[in-house]
S.K.: 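Below is a structure I'd like to ask you about.
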Amino acid sequence: MSNYDLVYIDVVQEIFKNGEWDYDTPVRTKWADETPAYAKSVLNVKMKFDNAKEALMLTQKRVPKKDPIIELFWIWIYKSNNVRKLQEMGCHVWDEWMRSDETIGKAYGWQLGNKRRKVEVTEVLLEMLRTGFLKGINIEFTNDGYAYLDQVDYLLYSLKTNPFSRRIKTTLWCVEDLDDMSLPPCVYETHWEMHGGRLCLTVKVRSNDMGLGNPYNVFQYSVLHRMVAQVTGLEVGTICFNIDNAHIYDRHIDKLFDQIQRPIHDAPDLWINPEITSLYDFTIDDIKVTNYNNEGSIPMEVAI
């Protein structure tokens with residue numbers, strides 16, 4: 001049976017048993033009817049999996065196959081903050097946070113595409129740019145033999161040239177830009193490390209809604225992990241989600257209680273096109289979930 005379901009159930013039960021309600025605090029989140037969206041939460045949750053063993057998708061309820069991947073591409077490959085572009089791709093998860101300029105401000109994809117790191121210009125770097133292994137958007141060359149790469153290019157470059165470094169990270173939590181974001185990032189950092197001969201990924205999550213957000217995020221980042229490992233020629237290892245605040249909203253409590261009583265199925269199969277050798281060459285159709293047996297959708301309201 002799906003190991004992700006088992007770990008997920010443990011976290012939900014921990015919140016049911018030991019979580020704290022925020023009824024006596026001025027909460028920011030609201031439901032569509034403008035009433036406060038209260039939540040019961042626990043702090044410092046760890047969810048760890050061997051990402052080479054099975055696809056990380058819940059089976060006690062249906063998780064969308066396409067939306068998490070579309071948003072993943074929007075952020076990590078297109079490095080976009082334009083909500084209209086995301087809508088044109090068929091995903092509407094950011095509609096409620098779209099500003100008048102049709103963006104979410106300097107958030108998510110904007111951070112990955114506009115914050116840069118310095119590397120020495122070598123023939124290896126130039127070959128990566130020539131072949132398209134690196135995108136090279138907004139790249140800046142200096143007169144003293146260096147170049148500034150965006151966060152995704154720097155990640156790929158580092159994993160190819162120095163994979164055993166303990167400094168290979170991306171961050172979306174840029175203090176000077178937080179006030180110009182529609183929503184401060186929930187998933188805010190990744191840390192990529194070689195351990196036991198395999199590429200392991202730690203994902204830092206500021207705030208995670210267990211009803212809707214966690215299944216979505218776990219699936220999409222497990223896919224990103226496999227994609228990056230494939231194009232850098234590394235073996236997939238563990239993926240760990242360190243969640244600062246894991247919570248269940250009041251209108252989700254009964255639904256999650258019913259959900260975790262449902263049968264658990266075997267994890268589905270995840271196919272990622274093995275012929276792709278550059279992260280930027282992937283398309284949505286190169287990611288496929290098959291044999292996905294699940295207990296069906298559970299509609300839940302989105303807290304805004």
Side-chain angles (χ1 to χ4, degrees), residues 1-19 39-72 93 186-187 190 198 200-205 207-227 229 236-272 287-303:
M1 62 178 63
S2 163
N3 185 51
Y4 174 40
D5 284 77
L6 298 176
V7 175
Y8 180 89
I9 289 170
D10 285 345
V11 175
V12 170
Q13 289 179 329
E14 174 67 13
I15 297 173
F16 283 162
K17 181 179 179 181
N18 296 314
K40 192 175 190 181
S41 63
V42 295
L43 303 184
N44 309 126
V45 167
K46 178 178 179 178
M47 303 176 76
K48 187 174 182 179
F49 311 93
D50 187 336
N51 196 25
K53 286 190 173 180
E54 63 178 38
L56 301 182
M57 293 187 77
L58 282 183
T59 67
Q60 288 187 310
K61 78 166 185 178
R62 177 187 172 276
V63 177
K65 296 179 183 180
K66 287 294 185 182
D67 264 19
I69 304 306
I70 292 171
E71 188 202 29
L72 174 70
V93 296
C186 296
V187 178
T190 65
R198 300 194 297 167
C200 299
L201 172 60
T202 302
V203 181
K204 304 286 185 67
V205 189
S207 176
N208 219 196
D209 156 25
M210 295 303 297
L212 291 174
N214 183 267
Y216 199 99
N217 295 144
V218 168
F219 173 49
Q220 65 186 174
Y221 273 84
S222 68
V223 172
L224 176 67
H225 183 200
R226 291 194 186 194
M227 292 166 65
V236 176
T238 59
I239 184 169
C240 181
F241 293 83
N242 288 333
I243 305 169
D244 299 339
N245 183 300
H247 53 269
I248 301 172
Y249 285 111
D250 50 6
R251 295 186 185 179
H252 296 170
I253 287 283
D254 290 343
K255 293 187 176 186
L256 275 177
F257 182 81
D258 291 340
Q259 176 185 314
I260 64 173
Q261 313 304 318
R262 293 176 166 194
I264 301 173
H265 299 272
D266 289 336
D269 297 320
L270 176 63
W271 178 83
I272 297 177
I287 317 294
K288 286 184 172 37
V289 175
T290 57
N291 300 318
Y292 183 29
N293 297 313
N294 60 79
E295 289 297 303
S297 299
I298 302 177
M300 295 185 191
E301 295 180 64
V302 177

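Only heavy atoms go into these numbers, but all of them, side chains included; no hydrogens, no water, no symmetry mates.
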S.K.: How long is the span from the CG atom in D269 to the OG1 atom in T290, to the nearest 0.5 Å?
M.R.: 4.5 Å
S.K.: Search all heavy atoms of A55 against all heavy atoms of P268 and return the closest pair with its distance.
M.R.: CB-O, 3.5 Å
S.K.: Might you point out which heavy atoms bring R262 and G296 nearest each other, and give the distance in Å?
M.R.: NH1-O, 3.4 Å
S.K.: Pick out which of I253, I260, V7 makes a side-chain contact (heavy atoms from CB on, under 4.5 Å) with V12.
M.R.: I260
S.K.: Indicate yes or no for a side-chain donor-acceptor contact from K48 to the backbone of T202 under 3.5 Å, with no hydrogens or angles considered.
M.R.: no
S.K.: Does any donor atom in the side chain of E295 or H265 lie under 3.5 Å from an acceptor atom in the other side chain?
M.R.: yes
S.K.: Could you tell me whether the side chain of K204 reaches within less than 4.5 Å of the side chain of I243, counting heavy atoms only?
M.R.: no
S.K.: Might you point out which heavy atoms bring S2 and I264 nearest each other, and give the distance in Å?
M.R.: N-CG2, 3.8 Å
S.K.: Given H225 and V236, is the side chain to side chain contact (heavy atoms under 4.5 Å, CB included) satisfied, shown in steps?
M.R.: CA-CA 7 Å; H225 183 200; V236 176; 3.7 Å; yes
S.K.: Do N242 side-chain atoms and V203 backbone N/O form a donor-acceptor pair below 3.5 Å?
M.R.: no
S.K.: I'd like to know if R198 and D50 make a salt bridge, using a cut-off of under 4.0 Å between side-chain N and carboxylate O.
M.R.: yes
S.K.: Evaluate the criterion side chain to side chain contact (heavy atoms under 4.5 Å, CB included) for residue pair V63 and Y292; output intermediate values, then yes/no.
M.R.: CA-CA 10 Å; V63 177; Y292 183 29; 3.8 Å; yes
S.K.: For a 4.5 angstrom cut-off between non-hydrogen side-chain atoms, does H247 reach M210?
M.R.: no
S.K.: Does any pair with a residue in residues 242-254 pass salt bridge (charged side-chain N to carboxylate O under 4.0 Å, His left out), and if so which ones, sequence neighbours excluded?
M.R.: D33-R251, R251-E301
S.K.: Answer yes or no: is there a donor N or O on one side and an acceptor on the other, between the side chain of N294 and the main chain of K61, under 3.5 Å?
M.R.: no
S.K.: Only one of L56, V218, I287 clears side-chain contact (heavy atoms from CB on, under 4.5 Å) with V223; which?
M.R.: I287
S.K.: Can you name the closest pair of heavy atoms from F219 and M57 and give their distance?
M.R.: CD1-CG, 3.4 Å
S.K.: Got N51 and L201 here, is their nearest side-chain heavy-atom distance under 4.5 Å?
M.R.: no
S.K.: Stepwise, does the side chain to side chain contact (heavy atoms under 4.5 Å, CB included) test hold for T190 with Y221?
M.R.: CA-CA 10 Å; T190 65; Y221 273 84; 3.9 Å; yes
S.K.: How far does CD1 of I69 sit from NZ of K288, to the nearest 0.5 angstrom?
M.R.: 12.0 Å
S.K.: What is the distance from atom CD of Q60 to atom CD1 of I298, rounded to the nearest 0.5 Å?
M.R.: 8.0 Å
S.K.: Can you name the nearest heavy-atom pair linking D266 to M1, along with the distance?
M.R.: OD1-N, 3.2 Å
S.K.: Quick check for you: to the nearest 0.5 Å, what is the distance between F241 atom CZ and F49 atom CZ?
M.R.: 7.0 Å
S.K.: Which label fits F16 and F257: parallel for a plane angle under 30°, tilted from 30 to 60°, or perpendicular past 60°?
M.R.: tilted
S.K.: What I'd like to find out is whether the side chain of Q259 reaches to under 4.5 Å of the side chain of Y8, using heavy atoms alone.
M.R.: yes
S.K.: Please determine whether side chain to side chain contact (heavy atoms under 4.5 Å, CB included) holds for the pair Y249 and L212, giving the CA-CA distance in whole Å, both sets of side-chain angles, and the decisive distance to 0.1 Å.
M.R.: CA-CA 10 Å; Y249 285 111; L212 291 174; over 6 Å; no
S.K.: Calculate, to the nearest 0.5 Å, the distance between atoms NE2 and CD1 belonging to H252 and I15 respectively.
M.R.: 12.5 Å
S.K.: Looking only at atom types and distance, does a side-chain atom of E54 sit under 3.5 Å from a main-chain N or O of A267, one as donor and one as acceptor?
M.R.: no
S.K.: Mind checking the CD-CD1 spacing from E14 to I9? Nearest 0.5 Å is all I need.
M.R.: 14.5 Å
S.K.: Looking only at non-hydrogen atoms, find the nearest pair between S207 and C186 and report the distance.
M.R.: O-CB, 3.5 Å
S.K.: Is a side-chain N or O of D5 found less than 3.5 angstrom from the main chain of T59, in a donor-acceptor match?
M.R.: yes
S.K.: Starting from the C-alpha separation in whole Å, work towards a yes-or-no answer on side-chain hydrogen bond (donor to acceptor under 3.5 Å, both in side chains) for N214 and D209.
M.R.: CA-CA 6 Å; N214 183 267; D209 156 25; over 6 Å; no
S.K.: Taking the side chain as everything from C-beta on, heavy atoms only, tell me whether K46 gets closer than 4.5 Å to C240.
M.R.: yes
S.K.: More than 12 heavy atoms of other residues, nucleotides or ligands under 6.0 Å from NZ of K53: is that the case?
M.R.: no
